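What follows is a set of notes on a single structure, which appears directly below.
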Amino acid sequence: QQQQQQQQQQQLMFSIGSKFEDGLLEAVRQIEAALDRALGAFSSGTHLVDAAEASSQQASTSAQALIQEVWEVVDTSYMDARHSGFDHQQWAKLRDAALSRTYRDQASAHRAVREMLAQGVADPYCRFIPPAEFASMKKYDVTGVGLNLGTAEEYTKKTGRSLPQSAAADANGVWVVGLSKGSEADRAGMEQGDQLLQVADADLTGVSPFQAATLIAGPDDSSTSSPVNLRVRKADGRQVELTVQRPARSLASPVVSSMQQQSGDRQVGTIRLASFNARALRDVSAALSQLQQGGATELVLDLRDNRGGLVSEGLEVARLFLSDGVPIVLTQSKAMAAEPPRAGPAAATQLPLTVLVNEHTASASEILAGALKDNCRGVLVGKRTYGKGLIQSVYELSDSSGLVITVGKYLTPRGTDIDRFGIAPDFGSQPAARQAAEVLDACRLDAGQPPQQQQRQQLVVELAAANSSSSRR
């Protein structure tokens, strides 16, 4: 009972910590909106006469189009994942009030949008991004050339469009869900709705969007830009060859690995994963191979202080440890339920696994930790994770600004809501091997899987029976 009270107290503390940070973000949004209102009042009071009336009318028309666009995106796609009281009718009233005003320039329209969001969407992670800031953000895509790739299902869900008629029967493949205006891919002639068929000499049949993005991006450490040839199928069915210029880039490895000999013959290989950048999968995979070849008998995956990063990388890293097609993470959104991402048929390692977590383990790290825990692959050791399980989508608006809104949330394979409360560890400190095995056996029983101990006992019985039969013969 005392342990249960301590766990409840710890859960409350991390909930308060998460709410405190959310409160700070929300306070910043409200301050920005207040400053915008003050600046807007000052601006309207100092421009009593405008010689360029036609230009002012055009600016006002563009501003109202932007306001309508923001309203539609939020009204259609926003999910009130934290039940903060989003009201569609109130949101429509805020739109009507904003549309009733006259706007003299783009800046005044942006102030109106921020004010709408501050008053109508009580979500600290929803924000408006001005064009200059959004342009710099768009540089950080996985492909490096301005492409957002996805499956056919992701294309239809995120764009709201059907597959092109020429490919309606082909629900597989890699699709261009979106691309950045003015990017290398845009200049090369790629378009939303293109199906990517080949990267250089690599056919993409059976290849995931993430793997295709990695092929396009090329080496992580390249001092010069280089071209890559792509074959795509256009909406009208034509197959065309396009050449995209890869940028030069240098990306630091997020992985540090080591081997330590402990009591007996135990060789403990540790992989410290600091973040999920575009090198995470490759470098974790390389570290796994090196440690196993070096004689590791068990593994430690250190996710402490890992704030997340690319969710796609987190899913791929999970596949290194999981097998048999088990689900990695569940999503909850306003869109139709999607098939969860799953592990492949075989994992890269079967060695016993311990996962280290703390209060700064967040987002993609929590997805990975939750997948390993719920699938009984390893025990979690440390402190309750941060609790950032929201799914954000970034929308590029008509004036090249951006809008970030919450469209869903992540749950662990057994349905634990990651957001706000995080994931509880199995142990506060490193357990004995027997204790870890007992937790994993109980996990498998709860999931309907035969525990390893029963499997071992059954194997002993079968071997004994076989030996007895051989001796009688």
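Since we're looking at a predicted model, the values are computed, not measured. These numbers come from the heavy atoms of this one structure, side chains and all, not from hydrogens, waters or symmetry mates.
- Nearest heavy atom pair, residue P340 against residue L330, reads CB-CD2, 3.9 Å.
- No more than 12 heavy atoms of other residues, nucleotides or ligands lie within 6.0 Å of CD in Q290, so this atom counts as exposed by the packing criterion.
- Inter-residue side-chain proximity for L397 and F128 is flagged as met; some heavy-atom pair is nearer than 4.5 Å.
- R319 places a side-chain heavy atom less than 4.5 Å from the side chain of P341.
- Contact between T331 and L411 at its shortest, heavy atoms only, is C-CD1, 4.5 Å.
- Summarising the geometry, atom CG belonging to L356 is positioned 8.0 Å from atom CG belonging to L301; distances are rounded to the nearest 0.5 Å.
- In summary, of the residues considered (L291, D302, T270), a side-chain contact (heavy atoms from CB on, under 4.5 Å) with S258 occurs for T270 alone.
- Side-chain atoms of I391 and Y410, non-hydrogen and from C-beta on, do get closer than 4.5 Å to each other.
- With L351 as the partner, the side-chain contact (heavy atoms from CB on, under 4.5 Å) test is satisfied by one option alone out of Q292, E298, Q267: Q292.
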(request) Please test R414 against D446 for salt bridge (Lys or Arg N to Asp or Glu O under 4.0 Å), starting from the C-alpha separation and ending with a verdict. (result) CA-CA 11 Å; R414 295 197 187 186; D446 189 47; 2.8 Å; yes
(request) Evaluate the side-chain contact (heavy atoms from CB on, under 4.5 Å) criterion for residues V244 and I216: first the C-alpha distance (whole Å), next the side-chain angles of each, then the deciding distance (0.1 Å), finally the verdict. (result) CA-CA 9 Å; V244 176; I216 294 173; 5.6 Å; no
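- With contacts defined as side-chain heavy-atom distances shorter than 4.5 Å, the pair R342/I328 does not qualify.
- Using modelled atom types, no side-chain atom of R307 and backbone atom of T361 make a donor-acceptor pair closer than 3.5 Å.
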(request) Test side-chain contact (heavy atoms from CB on, under 4.5 Å) on W91 and V121 and set out the steps. (result) CA-CA 8 Å; W91 181 237; V121 184; 4.1 Å; yes
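- Side-chain contact of H360 with R304: a donor-acceptor pair under 3.5 Å is absent, judged by distance alone.
- By the salt bridge (charged side-chain N to carboxylate O under 4.0 Å, His left out) test, E366 is found to be paired with no residue, residues two or more places apart in sequence or in another chain being considered.
- Between the side chains of R233 and Q195, at least one donor-acceptor pair of N or O atoms lies under 3.5 Å.
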(request) Please lay out, stage by stage, how I423 and V357 fare under the test side-chain contact (heavy atoms from CB on, under 4.5 Å). (result) CA-CA 9 Å; I423 301 172; V357 296; over 6 Å; no
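- In this structure the side chain of L403 never reaches within 4.5 angstrom of the side chain of Y78, judged on heavy atoms.
- When all heavy atoms are compared, the tightest approach of L215 to A202 is CD1-CB, 4.1 Å.
- One distance of note links CD1 of I367 with CG of L372; it measures 12.0 Å at 0.5 Å rounding.
- The shortest non-hydrogen separation linking A347 to L322 is CB-O, 3.4 Å.
- Distance alone, capped at 3.5 Å, places no donor-acceptor pair between the D194 side chain and the V232 backbone.
- Look at D236 and K234 and you find no salt bridge, because none of the NZ, NE, NH1 or NH2 atoms lies under 4.0 Å from a carboxylate O.
- Rounding to the nearest 0.5 Å gives a distance of 7.0 Å between SG of C443 and CG of D374.
- Between M116 and V74 the shortest side-chain heavy-atom distance does not fall below 4.5 Å.
- Atom-to-atom distance recorded for Q211:CD and S312:OG is 11.0 Å, nearest 0.5 angstrom.
- Side-chain contact check for L320 versus T349: every heavy-atom pair is 4.5 Å or farther apart.
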(request) List the steps, then state whether side-chain hydrogen bond (donor to acceptor under 3.5 Å, both in side chains) holds for Q68 with E72. (result) CA-CA 6 Å; Q68 179 69 22; E72 288 179 356; 3.3 Å; yes
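- In this structure, the separation between CG on N277 and CG on D283 is 7.5 Å, given to the nearest 0.5 Å.
- Smallest separation of non-hydrogen atoms from D426 and G378: OD2-O, 4.4 Å.
- Judged by distance alone, the side chain of R444 and the main-chain N or O of C376 form a donor-acceptor pair under 3.5 Å.
- Q260 meets the side-chain hydrogen bond (donor to acceptor under 3.5 Å, both in side chains) test with no other residue; sequence neighbours excluded.
- Taking each heavy atom of L196 and V199 in turn, the nearest pair found is CD2-CG2, 4.1 Å.
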(message) Please determine whether side-chain contact (heavy atoms from CB on, under 4.5 Å) holds for the pair M79 and Q332, giving the CA-CA distance in whole Å, both sets of side-chain angles, and the decisive distance to 0.1 Å.
(response) CA-CA 9 Å; M79 176 180 173; Q332 188 179 89; 3.5 Å; yes
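- A donor-acceptor pair under 3.5 Å is formed between the side chain of R384 and the backbone N or O of F421.
- With sequence neighbours excluded, no residue forms a side-chain hydrogen bond (donor to acceptor under 3.5 Å, both in side chains) with R377.
- Atom CZ of R420 sits about 8.5 Å away from atom CG of L390, to the nearest 0.5 Å.
- Side chains of N306 and S275: no donor on one and acceptor on the other come within 3.5 Å.
- Checked for salt-bridge contact, D123 and R82 miss the test: no charged N lies under 4.0 Å from a carboxylate O.
- Taking 4.5 Å as the limit, some side-chain heavy atom of V176 sits within range of a side-chain heavy atom of L149.
- Not a single donor-acceptor pair under 3.5 Å links the side chain of S62 to the backbone N or O of A59.
- Counting only distance, with no hydrogens or angles, the side chain of N375 and the backbone of A371 share a donor-acceptor pair below 3.5 Å.
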